[in-house]
**Q** 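Have a look at this one.
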Amino acid sequence: MVRICALLAGLALAACSPVGAAQEAPPAPASSAADTPATDPDSGLTLIDVTIVSGAERHSFVTELADTAEAQARGMMFRTEMGDDEGMLFPSYAPQARSFWMKNTPLPLDIIFIGPDGRITNIEAGIPYTTESVSSIGPALAVFEIRGGLSEELGVGAGDVVEFQLPE
């Protein structure tokens, strides 16, 4: 019985292998690596660049894009660290009132609400582990999360501009 199983396994492998050494691989897809957005190795989310313009200063962040309901619900839950040049963006495809809570999020985060004009409307600073909601002042085009306390350290505040481009 063991010999029959080994023989069948060998035949299955041979059937899946290319025939002859001269066989060529299928052509590569037409898109290049530059067309494929980078993804975060841990979350699998698409990475985009987000820049906060505060006076003459520009602060750039490599940002995970939470662009699905599932990704937005998960957010930064269970994470314990975030670099000073990292963030997570929660876009709204139509400006709307937004509110967030930080259940199962041990990492303190600054929650930056971005109005329809691309300017910061309000920041809820250093919010960790709570089921109390924090809300936008008026409609928000997106919400941007960075390490707790970083907004104050960088001098970022209401009225500053947030620049980003969503992938098509």
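Since the structure is predicted, the reported quantities are computational estimates derived from the model, not experimental observations.
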**Q** Is there a side-chain contact between M76 and L107 (heavy atoms, below 4.5 Å)?
**A**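 The answer is yes, as the side chains (C-beta and beyond) meet within the 4.5 Å cut-off.
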
**Q** Please report the closest heavy-atom contact between Y129 and N104, naming both atoms and the distance.
**A**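 It is CE2-CA, 3.7 Å.
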
**Q** Please find the pair of heavy atoms, one from P106 and one from P128, that lie closest to each other, and give the distance.
**A** O-CB, 4.0 Å

**Q** Taking the side chain as every heavy atom from C-beta outward, state whether V143 and I111 have any atom pair closer than 4.5 Å.
**A** yes

**Q** Any sub-3.5 Å donor-acceptor pair from D67's side-chain atoms to S92's backbone N or O?
**A** no

**Q** Could you grab the distance from atom CZ of F164 to atom CZ of F144, nearest 0.5 Å is fine?
**A** 9.5 Å

**Q** Decide if atom CD of Q96 counts as having more than 12 heavy atoms of other residues, nucleotides or ligands within a radius under 6.0 Å.
**A** yes

**Q** For the residue pair G155 and D160, what are the closest heavy atoms and their distance?
**A**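 Scanning both residues completely, I find the closest heavy atoms to be O-OD2, 3.9 Å.
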
**Q** Could you report the tightest heavy-atom contact between T46 and P37, atom names first, then the distance?
**A**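 Where T46 meets P37 most closely, the heavy atoms are CG2-CB, 3.7 Å.
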
**Q** Is I137 close to F113 at the side-chain level, that is, under 4.5 Å between some pair of heavy atoms?
**A** no

**Q** Starting at OG of S136, measure out to CD1 of I112 and round the result to the nearest 0.5 Å.
**A**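 CD1 of I112 is found 13.5 Å from OG of S136.
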
**Q** Salt bridge or not for E64 and R79, using N-O below 4.0 Å?
**A** yes

**Q** Report the distance from atom CG of D84 to atom NE2 of H59, rounding to the nearest 0.5 Å.
**A**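 Those atoms lie 11.5 Å apart.
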
**Q** Measure from the side-chain N and O atoms of T63 to the backbone N and O of F61, and report whether any donor-acceptor pair falls under 3.5 Å.
**A**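 Looks like yes, one N/O pair under 3.5 Å.
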
**Q** Measuring only between side-chain heavy atoms, which start at C-beta, is I52 closer than 4.5 Å to V161?
**A**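 SC-SC contact between I52 and V161 ruled out.
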
**Q** At what distance, to the nearest 0.5 angstrom, does CD1 of I146 lie from CE of M88?
**A** 13.5 Å

**Q** Who are the side-chain contact (heavy atoms from CB on, under 4.5 Å) partners of P41, not counting sequence neighbours?
**A**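 side-chain contact (heavy atoms from CB on, under 4.5 Å) check on P41 returns nothing, list empty.
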
**Q** Quick one, P167 and I48 - any side-chain contact, counting heavy atoms below 4.5 Å?
**A** yes

**Q** Which atom names give the shortest non-hydrogen contact between N122 and E124, and what distance separates them?
**A** ND2-OE2, 3.9 Å

**Q** Distance from I120 atom CD1 to S151 atom OG, nearest 0.5 Å?
**A**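 OG of S151 is found 6.5 Å from CD1 of I120.
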
**Q** Could you tell me if the side chain of L65 sits less than 4.5 Å from the side chain of P91, heavy atoms only?
**A**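 The answer is yes; the side chains approach within 4.5 Å.
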
**Q** Identify whether the distance between the nearest side-chain nitrogen and carboxylate oxygen of R147 and E86 falls below 4.0 Å.
**A** no

**Q** Return each pair, listed once, that meets ring pair (Phe, Tyr, Trp, His ring centres under 6.0 Å) where at least one residue sits in residues 70-107; pairs must be two or more places apart or across chains.
**A** F90-F100

**Q** Could you tell me if the side chain of I123 sits less than 4.5 Å from the side chain of V156, heavy atoms only?
**A**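 SC-SC contact between V156 and I123 confirmed.
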
**Q** Looking at E70, I want to see if its CD is surrounded by more than 12 non-hydrogen atoms of other residues, nucleotides or ligands under 6.0 Å.
**A** no

**Q** Under 4.5 Å between any side-chain heavy atoms of R74 and L45, yes or no?
**A** yes

**Q** Nearest 0.5 Å, what's the CE-CG distance between M82 and D110?
**A**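 One finds 10.0 Å between CE of M82 and CG of D110.
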
**Q** Is there a path from V53 to I114 through hydrophobic residues (I, L, V, M, F, W, Y) whose side chains come within less than 4.5 Å of each other?
**A** no

**Q** Which pair of non-hydrogen atoms, one from M102 and one from L109, has the smallest distance, and what is that distance?
**A**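 Of all heavy-atom pairs spanning M102 and L109, the closest is CE-CD1, 3.2 Å.
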
